[in-house]
Structures are given as C-alpha cells and as structure tokens.
Amino acid sequence: QVQLVESGGGLVQAGGSLRLSCAASGRTFSSYAMGWFRQAPGKEREFVAAISWRAGNTYYADSVKGRFTISRLNANDTVYLQMNSLKPEDTAVYYCAAKRPSSAIGRYFYYTGADDYDYWGQGTQVTVSS
C-alpha cells in the first residue's frame, strides 16, 4: 500500500510557475512508476506527465510539453511537477498516481492511462489567472 500526498498548488498569474510535490509513504516508493493527471471543472481527468520506475523515462501530454517537467527523488520518496509558462487552461485539480509494474520490462515504462495506476493522491488545486 502506498499513500500519496500532493502539495504546492495555488493561485498564479499567467506566465508564472509552480512546483507540485507528491510525497509517498508506505511501500517502497522507488519501485513504482509515477504519473500526474489533472481534472478541470466539468471535464474528464486527463494525463499530464509520467516517469518510469527505472531509467527515469518521461512522457508528457502535448498540451504541456516544453513547459512542464516531471522528476523524482527516490531518496526522499517524492515526485515533482515543475510547471512553467502557466496558462489559464492549466487550471485544474492536479493528482499524482503510482503504479507498481508487474513485469521486469515494465519497470522501464511510463504509463499514461488513469486505469493503469493503483494509487492516487487527494489532489491539489492549481488556478492560473489571466
């Protein structure tokens, strides 16, 4: 079992930056692939970014590519989402998620589907004003 707690959300002007953190506790954090998703009011939850367990392979949604960076620091059981050049359309609740790969090769994969993930945090609100 893994518990995830997001932090770092808030209100920022367009063009600004925020860094979200997701702290994990419970089972071995470094054994999990991690992802960030977001959900805006009235919309479906959507994929934002993901990072693999091994090798730190990353993948981003087209809408955030070049502006957001996902990273992980296994030593302190935390995954980050650095968000730069924020836009009003980035306004959403942001969730981190964890998946324990079921195969050896899967340890090098990132995962982009919400259904792929086993554990979720409670979310943190990001609001970008124009």
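Owing to the predicted nature of the structure, the values given are computational and were not obtained by experimental measurement. Computation of the quantities below employed the complete heavy-atom set of this structure, encompassing side-chain atoms and omitting hydrogens, waters and symmetry-equivalent molecules.
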Evaluate side-chain contact (heavy atoms from CB on, under 4.5 Å) for Val12 paired with Thr127, printing each intermediate quantity in order.
CA-CA 6 Å; Val12 64; Thr127 303; over 6 Å; no

Audit row: Gln82, Ser71, side-chain contact (heavy atoms from CB on, under 4.5 Å) steps and yes/no:
CA-CA 8 Å; Gln82 178 67 44; Ser71 61; over 6 Å; no

Walk me through whether Gln1 and Gln3 qualify under side-chain contact (heavy atoms from CB on, under 4.5 Å).
CA-CA 7 Å; Gln1 191 81 358; Gln3 292 80 42; 3.2 Å; yes

Decide side-chain contact (heavy atoms from CB on, under 4.5 Å) for Ile51 and Tyr32; before the verdict, give the C-alpha distance in whole Å, the side-chain angles of both, and the deciding distance to 0.1 Å.
CA-CA 9 Å; Ile51 188 165; Tyr32 288 79; over 6 Å; no

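A side-chain donor-acceptor contact under 3.5 Å links Ser52 to the backbone of Asn57. Between the side chain of Glu6 and the main chain of Gln122, a donor-acceptor pair closer than 3.5 Å is present. Panel note: side chain Ser63, backbone Ala61; no donor-acceptor pair is recorded below 3.5 Å.
The closest side-chain heavy-atom distance from Leu20 to Met83 is below 4.5 Å. Looking at heavy atoms from C-beta onward, Tyr119 lies out of side-chain contact with Cys96 at the 4.5 angstrom threshold. With contacts defined as side-chain heavy-atom distances shorter than 4.5 Å, the pair Leu4/Met34 qualifies. Looking only at side-chain heavy atoms (C-beta outward), Val93 and Thr124 stay at 4.5 Å or farther from each other. Using a 4.5 Å heavy-atom threshold, the side chains of Ile70 and Trp36 count as touching. Taking the side chain as every heavy atom from C-beta outward, Arg67 and Tyr60 never approach each other to under 4.5 Å. Between Leu81 and Thr69 there is no side-chain heavy-atom pair separated by less than 4.5 Å.
Within the model, atoms OG of Ser25 and CG of Asp77 stand 8.0 Å from one another, a figure rounded to the nearest 0.5 Å. To the nearest 0.5 Å, the span separating OH on Tyr117 from CG on Asp115 amounts to 11.5 Å. Considering CZ of Phe68 and CG of Leu86, their distance stands at 5.0 Å, rounded to 0.5 Å.
For the residue pair Tyr94 / Arg38, a side-chain donor-acceptor distance below 3.5 Å is found, with atom types taken as modelled. No side-chain donor from either of Glu89 and Thr91 sits under 3.5 Å from a side-chain acceptor of the other.
The minimum heavy-atom distance between Asp118 and Arg100, with the atom names listed, is OD2-N, 3.2 Å. Between Tyr111 and Pro101, the shortest heavy-atom distance links the atoms OH-CB, 3.9 Å. Summarising the geometry of Ala40 relative to Ala92, their closest heavy-atom pair is N-CB, 3.8 Å, with the distance given to 0.1 Å. Taking every heavy atom of both residues into account, Gly8 and Leu18 meet most closely at O-CD2, 3.8 Å.
Arg54 meets the salt bridge (Lys or Arg N to Asp or Glu O under 4.0 Å) test with no other residue; sequence neighbours excluded. In terms of the side-chain hydrogen bond (donor to acceptor under 3.5 Å, both in side chains) criterion, Gln39 has no residue partners (sequence neighbours excluded). Listed by chain and number, the residues in a side-chain hydrogen bond (donor to acceptor under 3.5 Å, both in side chains) with Lys65 are Asp62 (sequence neighbours excluded).
Ring pair Phe37/Trp120: centre-to-centre distance below 6.0 Å.
Cluster membership for Val126 and Val79, using ILVMFWY side-chain heavy atoms within less than 4.5 angstrom, is shared.
Between Tyr110 and Tyr59, the ring-plane angle classifies as parallel under the 30° and 60° cut-offs.
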